[in-house]
Amino acid sequence: MKATMIQYETLFHRHAGNPILTGKDWPYSINSVFNAGATLLPDGSTLLLCRVEDRRGLSHLCAARSMNGVDGWQIDREPTLQPNPEEYPEEVWGIEDPRITYVPELKKYAVAYTSYSRGGPGVSLALTEDFRRFERFGVVMVPDDKDAALLPRRIGGFWALIHRPMTPLGAHVWISYSPDMRHWGNHKLMLEARRGAWWDANKIGMSPPPIETSRGWLMIYHGVRRTPSSSIYRLGLALFSLEQPDKCLLRGDSWMFAPEADYERHGDVQDVVFPCGYTVAADGDTIKIYYGAADSSIALAHGSIRALLAWLDANGHSEHGNDRRHK
Ligand code: BMA
């Protein structure tokens with residue numbers, strides 16, 4: 001097995017000042033802040049759309065802006081996007097885990113987030129130009145579904161949404177298509193959870209939106225290992241065809257980032273690293289991932305897209321529909 005031969009490489013380097021944002025930084029009283037979507041704004045500053053959990057246990061989204069994406073965060077004085085259960089009853093138990101995609105065709109940002117309804121968590125979509133006003137589309141994927149992001153451009157004329165429905169046979173990543181972002185179909189299974197003892201057995205989900213590279217859509221995904229006492233959320237890599245994104249070209253065998261630091265191992269939910277966003281520097285290669293740590297704070301790590309692809313070449317294999325070696 002490859003896993004015994006390779007030396008584990010550090011692909012993401014933790015920022016020395018981690019965690020970079022905690023509940024103590026907030027201008028109003030909250031329980032915790034984690035799982036933030038991220039994007040660069042036209043002036044080059046970084047915007048994080050943070051999941052904020054209040055002391056009822058319900059979440060809303062709040063924007064934090066920084067010139068360097070590391071410190072000096074300006075946090076909105078009040079919630080940026082609140083659940084609105086009067087008009088959107090699916091948001092009654094809060095909104096969570098936003099993923100941001102800039103859509104050049106619309107000159108708008110699409111935010112896919114989990115809306116926690118009385119029928120379970122589903123996927124909602126909203127568009128915004130400025131992270132102040134939002135145009136809500138309501139539920140686009142019914143419960144139980146989460147971990148969604150829109151691709152930044154149409155594929156074969158259709159918008160594409162990656163998401164993660166739950167089934168009794170496991171939680172796998174799917175992709176669906178739409179002519180108008182409201183009506184979704186042509187659903188395709190994109191990446192399967194493995195089975196048995198694997199780190200990514202039974203339950204996986206896309207973490208941040210996929211990264212567009214010349215070789216394909218590079219996806220950082222989480223695998224959830226259930227243990228007798230809890231679950232461990234770790235991160236792996238997979239690469240998909242640019243024009244046929246349900247086609248997986250390469251998938252890493254081992255995880256490449258896992259809870260190790262104290263703030264990732266201990267918190268409201270132990271052993272969780274959960275990135276919902278990243279930014280790419282002007283060099284087109286240096287990537288900053290922003291991740292929720294133990295459902296309690298936001299941490300930062302940096303890496304290189306080129307190094308992620310090289311790691312996949314060395315540690316991955318192609319996934320063919322008829323290849324059941326690992327399933
Ligand atoms: C997942 C999501 C995340 C959370 C993680 C660990 O199912 O709901 O919001 O960070 O569990 O609790």
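Indexing begins at 1, ligand by ligand and atom by atom, following the structure's order. Numbering of residues begins at 1 and proceeds along the displayed sequence.
For atom 11 (O) of ligand 1, the nearest protein heavy atom (residue, atom name, distance) is Tyr233 OH, 3.0 Å. Among all protein heavy atoms, the one lying closest to atom 2 (C) of ligand 1 is Asp97 OD2, 3.6 Å. Lys146 NZ, 3.0 Å is the protein heavy atom nearest to atom 8 (O) of ligand 1. The single protein non-hydrogen atom nearest to atom 10 (O) of ligand 1 is Asp295 OD1, 2.6 Å, given as residue, atom name and distance.
In plain terms, the two heavy atoms of Gly223 and Ile204 that are nearest each other are CA-CG2, 4.1 Å.
Looking at Thr114 against ligand 1, nothing comes within 4.0 Å, counting heavy atoms.
Contact check for Thr46 versus Leu40: side-chain heavy atoms found under the 4.5 Å cut-off.
An N or O contact shorter than 3.5 Å links Arg51 to ligand 1 by distance. The shortest N or O to N or O distance between Glu96 and ligand 1 is not below 3.5 Å.
Close approach of ligand 1 to Val269 is summarised as follows: ligand atoms under 4.0 Å from at least one heavy atom of the residue are 12 (O).
Asp253 and His317 form a side-chain donor-acceptor contact under 3.5 Å, judged by distance and modelled atom types alone. Side chain to side chain, Ser115 and Ser124 meet the donor-acceptor criterion of an N or O pair below 3.5 Å.
A donor-acceptor contact shorter than 3.5 Å is absent between the side chain of Asn315 and the backbone of Leu312.
Looking at Arg136 and Glu87, no side-chain N of the basic residue comes within less than 4.0 Å of a carboxylate O on the acidic one, giving no salt bridge.
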